[in-house]
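Below: the structure, in structure tokens.
These values consider heavy atoms only, across backbone and side chains, with no hydrogens, waters or symmetry-generated copies. Heads up: numbering here begins at 1 and tracks the sequence.
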Amino acid sequence: MVRAAERAARTSVWLEGKVRRGGRGGQPSGLDRDRITEATVRLLDAEGLAKFSMRRLAAELNVTAMSVYWYVDTKDDLLELALDAAFGEIALPEPDADEDWRDQLRALARKYRSLLVRHPWLSPLAGTFLNIGPNNLAFARVVQRVIRRTGLPTHGLAAAISSVFQFVYGFGTIEGHFNARSADFGMTADEYFKHAMSAVTQDPQAAEVVKESEDIMAARGGDTVHEMWERDFDFALDLLVAGIEAMVARG
């Protein structure tokens with residue numbers, strides 16, 4: 001294990017030259033870094049980031065906490081490995097394929113959103129670490145190559161990526177945490193939505209805002225929370241794509 005001062009100075013597990021290291025002499029049998037990372041993702045999905053600990057992971061693996069430290073130096077190292085492992089779930093398109101950039105961009109946005117919803121713990125980690133693992137870099141490279149095909153000038157490419165994928169990050173984060181909150185209450189998303197709306201309307205000021213929003217909610221459509229999420233996301237994504245097209249047309 002590393003000392004606190006050394007830990008504070010570190011920037012990323014991917015820059016430490018230890019990601020591909022083998023076990024050290026006397027390491028416990030039956031363990032490897034991939035197995036430990038897979039167990040970490042599984043625990044984070046089941047129990048959330050706040051409850052995750054090296055001791056809890058060791059119990060899941062049926063080993064001692066010290067055994068895990070044969071393969072990683074810190075809990076942060078392990079979380080960073082789990083973050084990149086999750087990004088490996090995204091099936092990436094071939095950016096140079098004979099396919100419209102709009103379709104590829106929409107597909108990437110939907111896959112990123114699904115990842116954030118499936119793993120609610122991912123968004124705070126993505127905002128904490130450098131995100132330079134191999135899977136994250138592969139995702140970033142494909143996104144850049146698709147955005148380059150839009151026809152935007154080079155000076156606008158970074159902003160275009162931000163406008164789309166920071167939107168997706170925010171949307172997927174809220175959706176994922178809403179679903180997690182519903183599960184914490186032992187409710188479905190629809191049940192929790194009805195419960196929350198009933199509670200909100202008991203406050204006079206909140207009830208006034210809800211009243212003013214009735215036409216928006218009615219026009220929004222969707223019989224379930226899932227349908228509302230889908231309609232909102234698709235329309236917002238269309239707005240972003242239309243914005244890119246408009247900027248290209250402006251030259």
Any side-chain heavy atom of [X] sitting closer than 4.5 Å to one from [Y]?
| X | Y | result |
| --- | --- | --- |
| Arg106 | Asp238 | yes |
| Leu157 | Arg148 | yes |
| Leu116 | Phe171 | no |

Minimum heavy-atom distance between [X] and [Y], given as atom pair plus value:
| X | Y | result |
| --- | --- | --- |
| Ala82 | Trp121 | O-CH2, 3.8 Å |
| Ala39 | Leu57 | CB-CD1, 3.7 Å |
| Gly156 | Leu152 | O-CD1, 4.4 Å |
| Val225 | Phe193 | CG2-CB, 3.5 Å |
| Ile132 | Leu137 | O-CD1, 3.3 Å |
| Ala206 | Asp203 | N-OD2, 2.9 Å |

Kindly check if the number of other-residue, nucleotide or ligand heavy atoms within 6.0 Å of [atom1] ([X]) is above 12?
| X | atom1 | answer |
| --- | --- | --- |
| Asp100 | CG | yes |
| Arg56 | CZ | yes |
| Met247 | CE | no |

Are any side-chain N or O atoms of [X] and backbone N or O atoms of [Y], one a donor and one an acceptor, separated by less than 3.5 Å?
| X | Y | value |
| --- | --- | --- |
| Asn131 | Ala126 | yes |
| Glu227 | Asp223 | yes |
| Tyr169 | Ser123 | yes |
| Asn136 | Asp84 | no |
| Ser198 | His195 | no |

* To do: Walk me through it: do Phe165 and Leu105 pass the test side-chain contact (heavy atoms from CB on, under 4.5 Å)?
  => CA-CA 10 Å; Phe165 289 94; Leu105 186 62; 3.8 Å; yes

* **Test side-chain contact (heavy atoms from CB on, under 4.5 Å) applied to Leu108 and Phe139, step by step** => CA-CA 9 Å; Leu108 285 167; Phe139 177 73; 4.0 Å; yes

Drop me the distance from [X]'s [atom1] to [Y]'s [atom2], to the nearest 0.5 angstrom.
| X | Y | atom1 | atom2 | value |
| --- | --- | --- | --- | --- |
| Glu38 | Leu81 | CD | CG | 12.0 Å |
| Thr224 | Trp229 | OG1 | CH2 | 11.5 Å |
| Arg55 | Met66 | CZ | CE | 10.0 Å |
| Leu79 | Leu125 | CG | CG | 5.5 Å |
| Leu83 | His119 | CG | NE2 | 10.0 Å |
| Asp76 | Thr128 | CG | OG1 | 8.5 Å |

* Result of checking Arg145, Glu94, Arg149 against Gln104 for side chain to side chain donor-acceptor pair (under 3.5 Å) -> Arg149

* Asked: Does the pair Leu240 and Ile244 meet the rule for a side-chain contact (heavy atoms from CB on, under 4.5 Å), with working shown?
  -> CA-CA 6 Å; Leu240 291 167; Ile244 293 174; 5.7 Å; no

* How far apart are the C-alpha atoms of Phe167 and Tyr112, what are their side-chain angles, what is the distance that settles it, and do they pass the ring pair (Phe, Tyr, Trp, His ring centres under 6.0 Å) test? -> CA-CA 11 Å; Phe167 152 70; Tyr112 185 35; over 10 Å; no

* Asked: Taking 4.0 angstrom as the limit, do Asp45 and Arg118 come out as a salt bridge?
  -> no

* **Basic-acidic side-chain contact under 4.0 Å: Arg113, Glu230** => yes

* Check the pair Lys194 / Glu191 against salt bridge (charged side-chain N to carboxylate O under 4.0 Å, His left out), numbers first and verdict last. => CA-CA 5 Å; Lys194 291 177 182 177; Glu191 291 169 342; over 6 Å; no

* Which is it for Met54 and Val72 under the side-chain contact (heavy atoms from CB on, under 4.5 Å) test, yes or no, and what are the steps along the way? -> CA-CA 10 Å; Met54 298 297 265; Val72 291; 3.7 Å; yes

Indicate, with yes or no, if [Y] and [X] share a hydrophobic cluster defined by side-chain heavy-atom contacts under 4.5 Å among Ile, Leu, Val, Met, Phe, Trp and Tyr.
| X | Y | result |
| --- | --- | --- |
| Val117 | Leu115 | no |
| Val241 | Leu239 | no |
| Val209 | Met217 | no |

* Asked: Side chains of Thr64 and Ser67: donor-acceptor distance under 3.5 Å anywhere?
  -> yes

